[in-house]
Amino acid sequence: MVKEKIEWYHDFIDRKYSPKKDDLIALYYFDKSEEVSVDDTIGRLASESSIGTWTTLETLDNRIYDMRGRAFWNDEHLNLVKIAYPLILWEQDNVPQLMSGIAGNIFGMKAIKNLRLIDATLPLEYIKGSKGPYMGVEAIQKIFKKKEGPLLACVPKPKVGLTVEQHCEIAWDFWSAGGDLVKDDENLTSQSFNIFEKRVEQMAKTRDKAENETGEMKDALINVTAETYEMENRVKVIHDHGFKYFMVDVVTTGFASVQTLRNLVDDLDMAIHAHRAMHATFTKHYTHGISMYFLAKLMRLIGVDNIHIGTVVGKLDSPKEDVLDMRDLLLNQEISEDKGRRLAQSWGNLKPTLPVASGGLHPGVLPEVLTVYGTTDMILQVGGGIHGHPEGTYSGTKATVQAIDAWREGISLEEKAKSHSELQKALEKWGYLKPV
Ligand code: CAP
Ligand code: MG
């Protein structure tokens, strides 16, 4: 008796295949288990992420066979593989569905010890179905009426625990000293000590007062993170109080929620600030998980207007090359391939997303951050580095603005500090410290 073929993983390898313009191409790093070969591994990846399962099927026909993913390139030394997927596999404007394929079951396969989704080229035909940012970089002019950035944001600290009154006092000090955006912390939502609706109401009054006093436009990144219907309600509350921005924790709430919120903003004429809390659970180790780069790509695709991408010098992990790659990904329309780090990407008509540098910043490191970023199309967020100033939030904000001015004027912080006591005091406390 001839033994029937049990599995068909090698059908998913085709090194002669040249991808079509409309194929979606994913780039993975993998560590295989000892029992399988490289081809067994990449075949499994292409199979389980597209049409296959562990065995041959009597239900397969030629039409479906043609829809399979094809591992068409791999590098045995670097453990990299590229897989091409026909467009028909993917539903446009459905990021959860995309991730259930290219970042789904394959991560759990016994044959694969480690797996990292580094990037995927999303074909224009696929991108066409997505909205992209509603405002993005345009928020600088549209909301704040400024010619150029950076915008300055500040998160009241302690992270949680402040009452609405304390929160708004801090907001007042920050706004009146020259700041643009008061940001909620990622774990501040609507707790007993600081109820969401009350915060929004008081913040709106404080904003109006600050706008009158300074003649500048002020806004806030109030956190709507919650159950999805509740988030929709919260966005509407924020909108009804005249804010142009809201914030959401995009990883903890999930892709579907972010898409739902994005669908609201065209009518509300609002921008979305994406906080990435929890991303490091799957982005931090380079041999496993999903890259922050690809997460940032998905967020521009869905259409957040701002997203945190790191500081290089601050308290949270953010290697310079990663930050610069993400800056370019968010701000440019055409991205070229860099072997093993990123794939080519065209963004078509999708607007750019504003990158946000945040985490452990203070006046002494701001010029370096601005120089690394090399653009004013960005947001600087400073929390502890403002409220930890020896004279408090008002002077801390002044010192921060002075540090940014010094960078603009091309003079050193010491030079600027000679005539600006707030900056002088900030430098006395922190110097050029890079927090760990
Ligand atoms: C920064 C921050 C932000 C992080 C997020 C915090 O506060 O509010 O959430 O920057 O990280 O809670 O740590 P500080 P990332 O300014 O006081 O450090 O930007 O890397 O996503
Ligand atoms: Mg925070």
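In this text, all values refer to a predicted model and were calculated from it rather than measured experimentally. Along the sequence shown, residues are numbered consecutively beginning with 1.
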How far apart are the C-alpha atoms of R408 and D405, what are their side-chain angles, what is the distance that settles it, and do they pass the salt bridge (Lys or Arg N to Asp or Glu O under 4.0 Å) test? CA-CA 5 Å; R408 275 214 185 90; D405 287 347; 3.8 Å; yes

Measure the spacing between OG1 of T397 and CD1 of I386 and express it to the nearest 0.5 Å. 4.0 Å

With a 4.5 Å limit on heavy-atom distance, are the side chains of M292 and S318 in contact? no

Is there side-chain contact between D269 and V265, with at least one heavy-atom pair below 4.5 Å? no

Can you find a heavy atom in the side chain of I272 that is under 4.5 Å from one in the side chain of Y134? no

Say whether N349 and K128, considering side chains only, have a donor N or O and an acceptor N or O under 3.5 Å apart. no

Should the ring pair F107 and H288 be called parallel, tilted or perpendicular, given that the plane angle runs from 0 to 90° and is split at 30 and 60? perpendicular

For the pair Q202 (side chain) and V164 (backbone), establish whether a donor and an acceptor sit closer than 3.5 Å, ignoring hydrogens and angles. no

Is any side-chain N of the basic residue among E125 and K21 closer than 4.0 Å to the acidic one's carboxylate O? no

How long is the span from the CZ atom in R70 to the CG atom in D23, to the nearest 0.5 Å? 7.5 Å

Any sub-3.5 Å donor-acceptor pair from K429's side-chain atoms to Q424's backbone N or O? no

Decide ring-ring contact (aromatic ring centres under 6.0 Å, His included) for H273 and H308; before the verdict, give the C-alpha distance in whole Å, the side-chain angles of both, and the deciding distance to 0.1 Å. CA-CA 9 Å; H273 180 89; H308 291 232; 5.0 Å; yes

Are E391 and K425 packed together at the side-chain level, in the sense that at least one heavy-atom pair is separated by less than 4.5 angstrom? yes

Do you know the tightest heavy-atom contact between S291 and T283? C-CG2, 3.9 Å

S257 and T228: side-chain donor and acceptor closer than 3.5 Å? yes

Check whether any side-chain N or O of Q345 sits under 3.5 Å from a backbone N or O of L122 as a donor-acceptor pair, and report yes or no. yes

Distance (rounded to the nearest 0.5 Å) between N114 CG and T287 OG1: 4.5 Å

Look at D93 together with K131 and state whether they make a salt bridge at an N to O cut-off of under 4.0 Å. no

A153 backbone acceptor or donor facing D180 side chain under 3.5 Å: no

Just by modelled atom types, is the I83 backbone N or O under 3.5 Å from a matching donor or acceptor in the W73 side chain? no

Return yes if a side-chain donor-acceptor contact under 3.5 Å exists between Q381 and K183, otherwise no. no

Checking salt bridge (Lys or Arg N to Asp or Glu O under 4.0 Å) for the pair K218/E216: CA distance, chi angles, key distance, verdict? CA-CA 6 Å; K218 307 289 179 187; E216 295 161 5; 2.6 Å; yes

Report the C-alpha separation of V95 and Q259 in whole Å, then their side-chain angles, then the decisive distance to 0.1 Å, and conclude whether the side-chain contact (heavy atoms from CB on, under 4.5 Å) test is met. CA-CA 8 Å; V95 172; Q259 288 201 247; 3.6 Å; yes

After noting the C-alpha distance and the side-chain angles of V81 and L27, does the key distance pass the side-chain contact (heavy atoms from CB on, under 4.5 Å) rule? CA-CA 6 Å; V81 60; L27 171 68; over 6 Å; no

Restricting to non-hydrogen atoms, name the atom on G384 and the atom on K157 that form the minimum distance, rounded to 0.1 Å. N-CG, 4.0 Å

Note: R199-E165 ion pair, threshold 4.0 Å (strictly below): no

How long is the gap from CD1 on I143 to CG on L151, to the nearest 0.5 Å? 8.5 Å

Non-hydrogen atoms of L427 and A417 that approach each other most closely: CD1-CB, 4.0 Å

Hey, does the side chain of H387 reach the backbone of C154 with a donor-acceptor pair shorter than 3.5 angstrom? no

Could you tell me if T214 and W175 have a donor-acceptor pair between their side chains, going purely by distance under 3.5 Å? no

Whether the side chain of D249 engages the backbone of T252 through a donor-acceptor N/O pair (distance < 3.5 Å, no angle test) should be reported. no

Under the 3.5 angstrom rule, does the side chain of S50 hit a backbone N or O of G69 as a donor-acceptor pair? yes

Any side-chain donor near an acceptor of the partner, Y245 and D305, under 3.5 Å: no

Side-chain donor/acceptor of E227 to backbone N/O of Y229, under 3.5 Å: yes

Could you check whether the rings of W90 and Y85 sit parallel, tilted or perpendicular, using 30° and 60° as the cut-offs? perpendicular

Within 45 degrees of the axis of the six-membered ring of F196 and under 6.0 Å from its centre: does R234 put its NZ or CZ there? yes

Taking atom types as modelled, find out whether D185 and N223 have a side-chain donor-acceptor pair closer than 3.5 angstrom. no

Taking atom CD of E76 as the centre, report whether more than 12 heavy atoms of other residues, nucleotides or ligands fall under 6.0 Å from it. no

Report the C-alpha distance between L115 and L45 in whole Å, list the side-chain angles of each, state the deciding distance to 0.1 Å, and finish with yes or no for side-chain contact (heavy atoms from CB on, under 4.5 Å). CA-CA 10 Å; L115 180 65; L45 289 174; 3.7 Å; yes

Which heavy atom in V155 sits nearest to a heavy atom in D184, and how many Å separate them? CG2-C, 3.8 Å

So, do L423 and L413 sit near enough that their side-chain heavy atoms are less than 4.5 Å apart? yes

Please lay out, stage by stage, how M203 and H167 fare under the test side-chain contact (heavy atoms from CB on, under 4.5 Å). CA-CA 8 Å; M203 282 287 285; H167 189 99; 3.8 Å; yes

Using the six-membered ring of Y28, assess whether NZ or CZ of R116 lies under 6.0 Å from its centre and within 45 degrees of the ring axis. no

Using 0.5 Å steps for rounding, measure from the CG atom of N94 to the CZ atom of F255. 11.5 Å

Answer yes or no: is there a side-chain heavy-atom contact under 4.5 Å between N74 and L80? no

When you check the side-chain N and O atoms of S395 and E422, is any donor under 3.5 Å from an acceptor? no

If you measure from CE on M378 to CD1 on I140, what distance do you get to the nearest 0.5 Å? 10.0 Å

Is it the case that atom CG in L78 sees more than 12 heavy atoms from other parts of the structure closer than 6.0 Å? yes

Establish, from distance only, whether the side-chain atoms of H275 and E186 form a donor-acceptor pair under 3.5 Å. yes

Measuring only between side-chain heavy atoms, which start at C-beta, is V224 closer than 4.5 Å to I238? yes

Is the shortest heavy-atom distance from the side chain of D377 to the side chain of L354 under 4.5 Å? yes

Decide if atom NZ of K284 counts as having more than 12 heavy atoms of other residues, nucleotides or ligands within a radius under 6.0 Å. no

Here the pair of heavy atoms bringing Y286 nearest to P319 is OH-CG, 3.3 Å

Heavy-atom closest contact (P133 atom, R300 atom, distance): CD-O, 3.4 Å

Salt bridge (Lys or Arg N to Asp or Glu O under 4.0 Å) assessment of D119 paired with R342: CA-CA 6 Å; D119 191 15; R342 57 165 200 260; over 6 Å; no

Is a donor on one side and an acceptor on the other found under 3.5 Å between the side chain of Q166 and the backbone of T163? yes

Answer yes if the side chains of E334 and S346 hold a donor-acceptor pair under 3.5 Å, and no otherwise. yes

